[in-house]
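A short worksheet on the structure shown next.
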Amino acid sequence: MITREEIANVLDQPVYDGDGNKIGDAKHVFFDDMTGRPEWVSVKTGMFGSTESFVPIRDAALVQDHLEVPYGKDQVKGAPSVDVDAGGHLSETEEHRLYDYYGINWDSVLSEAERTDDDRFAAGPGTAGAAGAAGAAGAAGAAGVAGTRGEAGGKDLRGTAGGTAGTAGGTTGRQDAMEREAMRGDQAMTRSEEQMHIGVERHESGRARLRKYVVTEEVQQTVPVTHEEVRVVREPITDANRDEAMAGPEISEAEHEVTLHAERPVVETETVPVERVRMTTEELTENETVRGQVRKERIEAETESFTEDEMRQGGKRRGRE
């Protein structure tokens, strides 16, 4: 069980379950108004500590630099959400719901608190130190009631001296309550809000490929070609060719043949490399607007006035801070 002296070592420390899983960080410790013992610890869980869950501290243990509770991580995160009033107290209804969730018998808790309360006041009306201890056992609002009960008991058993001791117990209880208030801080609320963290993820947006195929195109090109044609050339008889002209018979038949030539286009193809083609990628950056929703807490102050009777009765209720 965690003692009052160990509370300072609990706050803001990691909280683990029995299997070594971290649940969150301890933020507040709530005392029992009747016994003055630590009874609940609130644990910040969830991403960025956005959720606060209540865990019984009665069976918890302080192990080195962290608090260990006998409840699983998922069980703590699934604890019912409860409201804490402006005075830092849990109502009996809210507390009952938590005890039911963790499987703790509510009647046994009340019986234990009553036994502790009776033992405290039974030891009170003997000496001033005992009565002071009785007053110190009250916490967060129970100190004044403890002092009153100590004073009444003193009158029954020890007369004036006992009454004085009871009054001293009430004063000491109020001083201890003030010390607890200082230990718990300035009773300020922590306002939290969600923050939107935007990142980018890479995903496949398409595919590109190179494909080679064959097409046939008509190609036209003009080339010069030559051919031979017959042209009859007539020469007069001259002294230079007279001998050749008179070499044959005077009158006869003759025939002379000439072979004609002509060029025609001839087409041949050959495969030659003309270029290399490859694919590369390049990254282009553009701005894109992202919209989302975040939740923010708002804190407003509410004031409620009590009569003297209501304040005296309020000290008897079970509450938490």
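The first residue in the sequence is number 1, and the count goes up from there. Scope of the values below: all heavy atoms of this structure, side chains included, with no hydrogens, waters or symmetry mates.
With sequence neighbours excluded, the residues satisfying side-chain contact (heavy atoms from CB on, under 4.5 Å) with Val294 are Glu194, Met196, Lys296. Listed by chain and residue number, Asp17, Asn21 satisfy the side-chain contact (heavy atoms from CB on, under 4.5 Å) test with Asp19 (two or more places apart in sequence, or in another chain).
The shortest side-chain heavy-atom distance between Val272 and Glu270 falls under the 4.5 Å cut-off. Phe54 has its side chain out of reach of Glu94: every pair of non-hydrogen atoms, C-beta onward, lies at least 4.5 Å apart. Under the 4.5 Å side-chain criterion, counting only non-hydrogen atoms from C-beta, Leu67 is not in contact with Gln13. By the 4.5 Å heavy-atom criterion applied to side chains, Arg58 and Trp40 are not counted as neighbours. No side-chain heavy atom of Arg37 sits less than 4.5 Å from a side-chain heavy atom of Ile57. Between Val69 and Val15, some side-chain heavy-atom pair lies under the 4.5 Å cut-off.
Not one N or O on the side chain of Thr45 forms a donor-acceptor pair closer than 3.5 Å with the backbone of Ile23. With hydrogens and angles ignored, the 3.5 Å screen pairs no side-chain donor or acceptor of Asn9 with any backbone N or O of Asp65. A donor-acceptor pair is defined here as one N or O able to donate and one able to accept, closer than 3.5 Å; no such pair exists between the side chain of Glu263 and the backbone of Val225. Panel note: side chain Asp100, backbone Arg97; no donor-acceptor pair is recorded below 3.5 Å. Judged purely by atom type and a 3.5 angstrom limit, Tyr101 uses its side chain to pair as donor or acceptor with the backbone of Gln75. Checked by atom type and distance alone, the side chain of Ser42 pairs as donor or acceptor with a backbone atom of His28 at under 3.5 Å.
Closest approach of Asp25 and Pro14 over heavy atoms only: OD1-CA, 3.5 Å. Shown here for Asp12 and Lys27, the closest heavy-atom pair between the two residues is OD1-NZ, 3.4 Å. Residues Val10 and Leu62 approach most closely at CG2-CD1, 4.1 Å, considering heavy atoms. Nearest heavy atom pair, residue Ser53 against residue Ala79, reads CB-CB, 4.5 Å. Scanning both residues, Ile104 and Pro56, for their nearest heavy atoms gives CD1-CG, 3.8 Å.
Summarising the local packing, CZ of Arg278 is surrounded by 12 or fewer heavy atoms from other residues, nucleotides or ligands at distances under 6.0 Å.
Salt bridge status for Glu193 with Arg191: present, with a side-chain N to carboxylate O gap under 4.0 Å. Taking 4.0 Å as the cut-off between side-chain N and carboxylate O, Glu283 and Arg202 count as a salt-bridged pair.
Tracing side-chain contacts under 4.5 Å through hydrophobic residues (I, L, V, M, F, W, Y), one reaches Val29 starting from Tyr102; they form part of the same cluster.
The structure places NE2 of His66 at 11.0 Å from NZ of Lys22, a figure rounded to the nearest 0.5 Å.
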